[in-house]
Amino acid sequence: MKITSLTVAAIVAGIMSVGLASCDSNSKTATANSTELNAPAGKDGAEIAATINIRYIDGDSIARRYQGSIDYEAEHMKTMQRLDNAQQAKAAEIQKFGAQIEQKARTNGYLTQETYAADMQRLQKMQQDAESYLANLARKAEVELAQRQVALNDTIEAYIKRYNANHGYDAILFKNAGIYFNPALDITDEVIEGLNASYAKPAEAK
């Protein structure tokens, strides 16, 4: 029987849309200002402020130069590439089967309406399964990357606490937590050197 050629683009198009879906405020600066303004009786506010021993680090430099941050970014890119590859593979599979349906329809390859309807149902099922598979893959990747980010942040914070245990600073701030810091207070290079020296690359998951 002759069946009008169909367009499967609308069915295939859905698969292409499936994919992977802090800075501190200035509160520390405000707290320091508040300390200065509310000096205890008998002490000058400027005298108290002068005794506060503060250093700062540049978070952007740590992201660029700390090997843990570099490895995290590389893993992030690999994960995104795997998701993209999976999406393209599923789309190609569905598109190929859709083209086969169109070809059979054009050449009267379907002898009954039932066989044509069965292939169309199969095509739709392929799309639904692919969307579910890709969504699940994206959720797992999101959780994995979030866990890696937390671990990275915890590692940096733990090192800075150990570093400060040997230096006794009253505060170590991120550079973007304030408007201006004297460059002499910058300990970024020291911190990055220490982070890299203590870094152990995680074993790759099998």
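The residues of the chain are indexed from 1 along the displayed sequence. Below, all heavy atoms of this structure are taken into account, side chains as well, without hydrogens, waters or symmetry copies. Just so it is clear, the model here is predicted, and its values are computed rather than measured.
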What's the separation between atom [atom1] in [X] and atom [atom2] in [Y], rounded to the nearest 0.5 Å?
| X | Y | atom1 | atom2 | value |
| --- | --- | --- | --- | --- |
| Tyr163 | Ile187 | OH | CD1 | 4.0 Å |
| Lys125 | Asp129 | NZ | CG | 3.5 Å |
| Arg139 | Leu134 | CZ | CG | 10.5 Å |
| Phe97 | Gln127 | CZ | CD | 13.0 Å |
| Leu195 | Arg162 | CG | CZ | 8.0 Å |

Hey, are the side chains of [X] and [Y] touching, using non-hydrogen atoms and a 4.5 Å cut-off?
| X | Y | answer |
| --- | --- | --- |
| Glu190 | His167 | yes |
| Val150 | Gln147 | no |
| Ser61 | Lys175 | no |
| Ile101 | Tyr110 | yes |
| Glu157 | Asn153 | no |
| Ile192 | Thr188 | yes |

Stepwise side-chain contact (heavy atoms from CB on, under 4.5 Å) test for Phe174 and Asp58:
CA-CA 6 Å; Phe174 278 107; Asp58 183 359; over 6 Å; no
[Y]/[X] salt bridge by N-O under 4.0 Å criterion:
| X | Y | value |
| --- | --- | --- |
| Arg82 | Glu75 | yes |
| Lys140 | Glu144 | no |
| Asp60 | Arg64 | no |
| Glu93 | Lys96 | no |

Angle class for the His76/Tyr72 ring planes (parallel below 30°, perpendicular above 60°, tilted otherwise)?
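Taking Tyr72 first and then His76, their aromatic rings sit tilted (interplane angle of 30° to 60°).
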Treat each ILVMFWY residue as a node, draw an edge where side-chain heavy atoms are under 4.5 Å apart, and state whether Ile52 and Leu185 are in one component.
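Looking at the clustering, Leu185 is in the same group as Ile52.
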Of all heavy-atom pairs between [X] and [Y], which one has the smallest distance, and what is that distance?
| X | Y | answer |
| --- | --- | --- |
| Ala141 | Thr79 | CB-CG2, 3.4 Å |
| Ile94 | Ala130 | CD1-CB, 3.9 Å |
| Gly98 | Leu123 | N-CD1, 3.9 Å |
| Ala63 | Ser69 | O-CB, 3.4 Å |

Does NZ belonging to Lys104 count more than 12 external heavy atoms closer than 6.0 Å?
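Atom NZ in Lys104 is packed in, count exceeds 12.
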When you look at CD of Gln67, are more than 12 heavy atoms from neighbouring residues, nucleotides or ligands closer to it than 6.0 Å?
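Enclosed: over 12 neighbouring heavy atoms sit under 6.0 Å from CD of Gln67.
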May I have the step-by-step check of side-chain contact (heavy atoms from CB on, under 4.5 Å) for Gln81 and Met77, ending in yes or no?
CA-CA 6 Å; Gln81 187 61 55; Met77 295 300 294; over 6 Å; no
Can you name the residues that form a side-chain hydrogen bond (donor to acceptor under 3.5 Å, both in side chains) with Tyr199, not counting sequence neighbours?
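Asp71.
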Would the distance check show the side chain of [X] and the main-chain N or O of [Y] forming a donor-acceptor pair, the cut-off being under 3.5 Å?
| X | Y | result |
| --- | --- | --- |
| Asn196 | Arg65 | yes |
| Ser132 | Gln128 | no |
| Asn164 | Tyr169 | yes |

Looking only at the side chains, is there a donor atom on one of Arg55 and Asn53 sitting less than 3.5 Å from an acceptor on the other?
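Present: a donor and an acceptor within the cut-off.
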Stepwise, does the side-chain contact (heavy atoms from CB on, under 4.5 Å) test hold for Leu83 with Met80?
CA-CA 5 Å; Leu83 289 174; Met80 294 301 100; 3.9 Å; yes
I would like to know whether Gln103 and Gln100 meet side-chain contact (heavy atoms from CB on, under 4.5 Å); could you show each step before the answer?
CA-CA 5 Å; Gln103 177 65 19; Gln100 292 174 355; 5.6 Å; no
Of all residues at least two apart in sequence or in a different chain, which pass the ring pair (Phe, Tyr, Trp, His ring centres under 6.0 Å) check with Tyr159?
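So Tyr159 forms no ring pair (Phe, Tyr, Trp, His ring centres under 6.0 Å) with any residue.
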Once ring pair (Phe, Tyr, Trp, His ring centres under 6.0 Å) is applied, do any residues pair with Tyr56, and if so which ones, sequence neighbours excluded?
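Testing Tyr56 for ring pair (Phe, Tyr, Trp, His ring centres under 6.0 Å), a comparison that skips the adjacent residues, returns Phe181.
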